[in-house]
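Counting starts at 1 for both ligands and their atoms, in listed order. Because only heavy atoms are used, hydrogens play no part in the values below, and waters and symmetry mates are left out as well, while side chains stay in.
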Amino acid sequence: MKLTTKLLAATALISAGAVSTAANAVELEVTHWWTSGGEAAAVAELAKAFDASGDTWVDGAIAGGGDVARPIMVSRILGGDPMGAFQFNHGRQAEELIEAGVLQDLTSVAEAGNWREIIRPISLLDACTVDGKVYCAPVNIHSWQWMWLSNKAFADAGVPVPTNWDEFVAAAPALEAAGKIPLAMGQQSWQSSGAFGVMAVAIAGQDAYLAVNRDKDEAVAAGPEYAKVFEAAANARAMAANSNVQDWNQATNLVITGAAGGQIMGDWAQGEFAVAGQTAGVDYTCLPGLGVNKILDTGGDAFYFPVNSDPEITAAQLRLAALLVSPEVQVAFNLKKGSLPIRADVDLNAANDCMKQGLAILDSGAILPSGTQLLSPDTATQINDLMVEFWNDPAITAGDAQARYAAIIAAAD
Ligand code: GAL
């Protein structure tokens with residue numbers, strides 16, 4: 001090889017090295033709404049892994065929950081001020097951004113990482129895929145279908161810890177007599193809406209839940225099975241009447257301290273019990289499917305990546321997408337988040353009793369798609385608005401609420 005060529009080759013190698021070194025120093029701003037104690041502990045695991053890989057995670061936490069954070073993220077992306085990556089619930093929330101062509105195609109990462117073989121249930125990857133292209137990296141399975149009970153509250157009230165919804169309802173008078181709030185509920189609309197969805201699966205059953213949420217069947221939404229759900233929701237409203245907190249984790253804290261008997265909330269609540277040093281089965285009891293229908297919905301979170309003109313940023317985005325799905329990150333993140341990993345080939349021996357119950361239900365195949373996978377953001381918002389109004393205004397009867405709900409389902413897209 002001539003000197004000149006050798007020199008050029010050497011220069012090319014050094015410059016390549018310089019580029020890759022420079023590339024490894026890429027800072028990515030990552031936005032999400034994980035601001036509670038448990039959520040922050042979990043996102044710290046993602047940041048630690050990304051920093052250790054040679055890039056830099058610039059945390060962009062947005063307080064106030066998903067309903068506040070998502071519009072902020074969308075306006076930044078469409079306004080030409082995109083972050084490097086952002087968290088959404090996987091499913092239909094990112095539909096319009098994908099249609100607008102502003103999100104990075106991750107198909108090359110998905111294929112290189114065999115995501116179609118390793119991600120389970122495959123519905124998580126399907127929820128990231130539009131027209132054959134992959135646009136998000138799913139990071140967990142969060143299920144709404146849980147209730148969390150304070151063992152202390154029931155001991156103080158002198159009644160056994162309930163094993164199902166009906167026993168919980170029956171224990172409410174004893175809890176109130178002991179000065180406890182039977183049901184903890186925050187004021188953000190997604191909380192009352194989520195709790196209603198859990199009651200629908202438990203009380204109306206999964207067929208009715210799917211008929212309404214997947215098939216948009218107005219007759220079922222207006223029918224007798226859902227009438228039972230609205231009656232139970234009116235009863236739950238009374239049980240939550242003195243739960244004067246805003247954020248979901250403040251409601252979880254009422255259960256952690258024994259001020260409230262229980263909370264219907266997704267399994268992200270586990271992160272709060274963990275940060276509070278409480279042990280599943282000892283300090284708190286979990287009821288998957290309200291102890292009635294042991295089914296999980298496979299909702300959860302995924303990261304999306306706005307397209308970027310800088311190839312170094314794009315390369316770092318793809319590196320982060322691959323890292324999020326890796327076995328090591330899946331274990332470290334999900335154990336702190338209280339969620340289930342998106343792959344089965346990981347060792348979760350550190351999982352607590354409740355997470356182990358969740359894994360067993362997941363492995364049994366008793367799963368449902370989540371509302372964020374079935375309902376458009378517009379329909380979800382209409383239902384959220386109805387539910388928060390109903391849960392806060394006892395003048396709205398179960399029948400009134402059901403009629404309005406059926407009309408929303410009839411017009412759902
Ligand atoms: C959900 C999200 C969870 C959890 C929850 C409360 O939408 O999937 O990760 O953090 O919000 O913020």
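With atom 3 (C) of ligand 1 as the reference point, the heavy atom nearest to it among Q93, K337, Q188, R70 is part of K337.
Of all the atoms in ligand 1, the ones that sit under 4.0 Å from a non-hydrogen atom of N89 are 1 (C), 2 (C), 7 (O), 8 (O). Short contacts between ligand 1 and W33, defined as distances under 4.0 Å to a heavy atom of the residue, involve ligand atoms 1 (C), 2 (C), 7 (O), 11 (O), 12 (O). Of all atoms in ligand 1, listed by their number and element, those nearer than 4.0 Å to a heavy atom of E39 are 4 (C), 5 (C), 6 (C), 10 (O), 12 (O). Counting atoms of ligand 1 from 1 in the listed order, those under 4.0 Å from a heavy atom of D301 are 2 (C), 3 (C), 8 (O), 9 (O). Shown in contact with W190 at under 4.0 Å from a heavy atom are these atoms of ligand 1, numbered in order with element: 6 (C).
Checked by atom type, the side-chain pair Q382/T379 shows no donor-acceptor distance below 3.5 Å. With 3.5 Å as the limit, one finds no donor-acceptor pair spanning the side chains of N384 and Q188. Side-chain contact check for S143 and D267: no donor-acceptor pair (N or O, by modelled atom type) lies under 3.5 Å. Neither side chain, S376 nor D378, offers a donor N or O lying under 3.5 Å from an acceptor on the other.
Atoms CZ and CG, from R214 and L368 in turn, are 9.0 Å apart once rounded to the nearest 0.5 Å. Atom CG of residue D55 and atom CD1 of residue I313 lie 9.5 Å apart, to the nearest 0.5 angstrom.
Contacts of N140 with ligand 1, taken as heavy-atom pairs under 4.0 Å, are absent altogether.
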